[in-house]
Asker: 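First, the structure itself, so that you have it in front of you.
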Amino acid sequence: MSMQRRGWQFWAQLCFTLSVCAFLIVPVVLSALAGVTANFFIGLESGLTLRWIGEVWDLYAETMFLSLWIALACLGVTLLLGVPAAYVLAKQGGRFARLIEETLVLPIAVPGLAIALALILSYGEFRDFRASWGFILVGHVLYTLPFMVRAVLAVLASMDFNTLEEGAATLGAGFVYRLRTVVLPNARPGILAGSLMVVTLSIGEFNLTWMLHTPVTKTLPVGLADSYASMRLEVASAYTLVFFVMIVPLLLAMQWLSRSEKRLPRNHRPTLDTEHE
Amino acid sequence: MSESTAVHIRQCAKTFADGTRALAPVDLEIAGGETVVLLGPSGCGKTTLLRIIAGLETADAGGQVLFNAQDVTALPVEKRNVGMVFQSYALFPNMSVRENIAYGLRVRKHTRSQRAQRVAEMLSMMHINELADRAVSQLSGGQRQRVALARAIAVRPRVLLLDEPLTALDALLRERLRIEIDSLLRSLGITAIYVTHDQAEAMALADRIVVMSQGRIAQQGTPRDVYQNPQNPFVADFIGTVNRLRGTLTEHGVHAQGTLLPLGKGLTVSATKEVDLLFRPEDMRIVPAEEAQFIGTVSSAFYLGDRTRLLLAGIGDAPVMVEVSAREPIARGTEVGVSIDPQGLMMMPGTPS
């Protein structure tokens with residue numbers, strides 16, 4: 001029994017891990033392949049083609065542009081609302097600020113469908129608004145805003161920005177100047193992380209959007225559901241592939257950002273307390 | 001330097017939003033070019049007073065801060081032209097050392113060449129030329145403090161405010177920077193207000209010490225004055241080490257523990273009263289038993305190198321601390337006689353027993 005060295009548990013665990021991985025990865029590969037296979041029911045021997053991707057482009061290009069557009073608009077709004085909100089919350093501190101922060105997080109806990117329903121009940125009668133992409137934007141902002149606020153808040157909390165701002169003020173810097181030269185540059189990692197999060201979440205959002213959309217305001221994930229229900233399997237798979245290509249770079253950027261954050265030393269703490277001269 | 005700035009503080013009090021009184025109405029006059037140290041335990045209001053002078057905190061209604069004849073009470077911090085050094089340094093982590101020092105000059109729209117020249121001046125004044133292009137995160141604590149000082153001084157502030165600038169440093173470095181700050185303040189001739197809880201630091205740096213306790217000024221005076229003539233028990237206890245004996249004051253002198261101690265010259269007594277006698281360890285001498293005012297038993301002896309500190313039991317309620325020259329070793333349990341230098345004898349109204 002030469003395998004005794006590692007013990008049978010090791011091999012059992014390895015097998016288990018590999019099969020779980022395969023269980024997760026095989027559908028992704030199959031789905032991606034289906035998107036570029038000429039005929040999925042015949043199989044790969046029918047040949048590879050970009051035809052389905054072309055068809056997806058013809059049918060659904062609009063949903064991709066709308067998704068990107070809403071994601072960017074959502075980013076704009078969350079930056080405008082979220083960064084100042086985080087600043088005020090961090091500055092204020094105390095129980096009231098924490099209460100507000102918790103309230104902001106509520107939309108994450110409440111199912112998207114419920115939020116969508118509430119929005120429709122409240123604003124559904126404003127027909128022009130209901131029919132525009134702005135309606136979906138409102139839902140996305142509600143859902144993503146807490147992520148922006150939290151990301152910025154975390155950075156602000158880690159750098160004692162109050163004292164930094166006081167330092168700048170004693171040197172003669174007014175509020176706007178301090179914000180521009182001290183607060184925002186130092187909060188940048190948090191703003192960046194929050195931004196990537198917001199864009200990624202907005203592009204992938206389905207729950208809310210599915211309830212809020214109209215036939216003319218269809219985003220990519222809604223289009224996906226639509227194609228799964230009504231299109232050939234190859235078209236739906238090709239569509240999925242396109243979604244992947246859009247979302248994966250964002251996810252990678254997020255990972256990379258959080259890692260480079262950890263590598264940076266925390267700036268404001270002295271690393272050595274001895275003098276070198 | 002242009003003419004120095006005197007600071008006048010009139011009836012400045014501070015009550016926080018939750019109702020706590022950080023500062024009772026305080027009056028304080030600081031002459032131009034003077035170095036004043038606000039000294040006290042944490043929570044005594046010294047930092048609050050400094051922040052009111054800086055403009056980082058507003059005094060309660062009725063309080064006034066004047067720089068020379070100018071009322072700056074309503075002036076926001078960025079318009080007061082003060083320099084401030086924080087305990088946590090507050091250097092901007094997104095800027096290099098050079099950019100940190102130039103920050104105030106940039107705010108004041110100095111030209112690039114003016115800035116470069118002033119920064120170079122500051123770097124060599126603080127002996128940190130080689131650090132100019134370092135990031136803040138690459139500096140040690142002492143280096144950070146030098147940069148923070150350079151940054152505060154670069155703008156030629158009217159008043160330099162220092163909030164426990166040395167507290168975060170280790171003892172050796174603290175001593176060295178204290179000497180540097182002292183000579184810096186002397187050479188600049190700038191009005192400086194320095195907050196600390198460390199009495200040794202205060203004694204070394206101050207032209208005048210303002211001792212604070214519970215939001216009030218307990219005493220102010222030169223370091224010598226505050227050390228030698230404390231006006232109340234708090235100051236006596238907080239500055240230096242002090243021994244305390246209960247006594248009764250009569251026209252002949254002070255009776256304490258069965259001994260009559262003569263009074264210093266010039267003291268007259270109108271009525272008998274209970275007093276606390278205070279005297280410092282260095283004002284006592286070991287004497288032969290027949291000359292001794294008190295006899296005590298050595299309960300502990302600490303050899304400090306330059307002197308030996310003895311704790312004597314059997315004199316008062318608490319052990320009495322005596323400092324003697326370190327030459328001859330004194331064993332625990334030895335009975336020694338001591339006498340107090342009349343010059344070093346201080347009296348306070350007696351504390352009720």
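Here is the naming used below: chain letters follow the sequence lines, and residue numbers restart at 1 for every chain.
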Asker: Check the surroundings of atom CD in B:Gln114: do more than 12 heavy atoms from other residues, nucleotides or ligands lie under 6.0 Å from it?
Answerer: yes
Asker: In terms of heavy-atom contacts, does CD of A:Glu102 have more than 12 from other residues, nucleotides or ligands at under 6.0 Å?
Answerer: yes
Asker: By a 4.5 Å heavy-atom criterion (distance strictly below it), what part of A:Arg178 contacts chain B: side chain, backbone, both, or neither?
Answerer: both
Asker: Evaluate the criterion side-chain contact (heavy atoms from CB on, under 4.5 Å) for residue pair B:Arg106 and A:Thr181; output intermediate values, then yes/no.
Answerer: CA-CA 11 Å; B:Arg106 232 171 77 204; A:Thr181 55; 3.6 Å; yes
Asker: Heavy-atom distance under 4.5 Å to chain A: side chain of B:Arg108, backbone, both or neither?
Answerer: side chain
Asker: For A:Gly172 and B:Val107, which heavy atoms make the closest approach, and how far apart are they?
Answerer: O-CG1, 3.1 Å
Asker: How about B:Leu172: does its CG atom have over 12 heavy atoms from other parts shown lying under 6.0 Å from it?
Answerer: no
Asker: Is atom NZ of B:Lys79 surrounded by more than 12 heavy atoms (other residues, nucleotides or ligands) closer than 6.0 Å?
Answerer: no
Asker: Taking the side chain as everything from C-beta on, heavy atoms only, tell me whether B:Pro93 gets closer than 4.5 Å to A:Leu164.
Answerer: yes
Asker: Let me know if B:Arg51 has heavy atoms under 4.5 Å from chain A in its side chain, its backbone, both or neither.
Answerer: side chain
Asker: Take a 6.0 Å sphere around CZ of B:Arg186 and say whether it holds more than 12 heavy atoms from other residues, nucleotides or ligands.
Answerer: yes
Asker: Can you name the nearest heavy-atom pair linking B:Ala152 to A:Leu171, along with the distance?
Answerer: CA-CD2, 4.4 Å
Asker: Test: side chain to side chain donor-acceptor pair (under 3.5 Å). Region: residues 135-145 of chain A. Which pairs qualify, not counting sequence neighbours?
Answerer: A:His140-A:Ser202, A:His140-A:Thr209
Asker: Atom CD of A:Glu166 and atom CD of B:Glu78: how far apart are they, to the nearest 0.5 Å?
Answerer: 11.5 Å
Asker: Hey, what do you get for CG (B:Asn81) to OG1 (A:Thr170), rounding to the nearest 0.5 Å?
Answerer: 10.0 Å
Asker: Applying ring-ring contact (aromatic ring centres under 6.0 Å, His included), name anything that partners B:Tyr103, two or more places apart in sequence or on another chain.
Answerer: A:Tyr177, B:Phe92
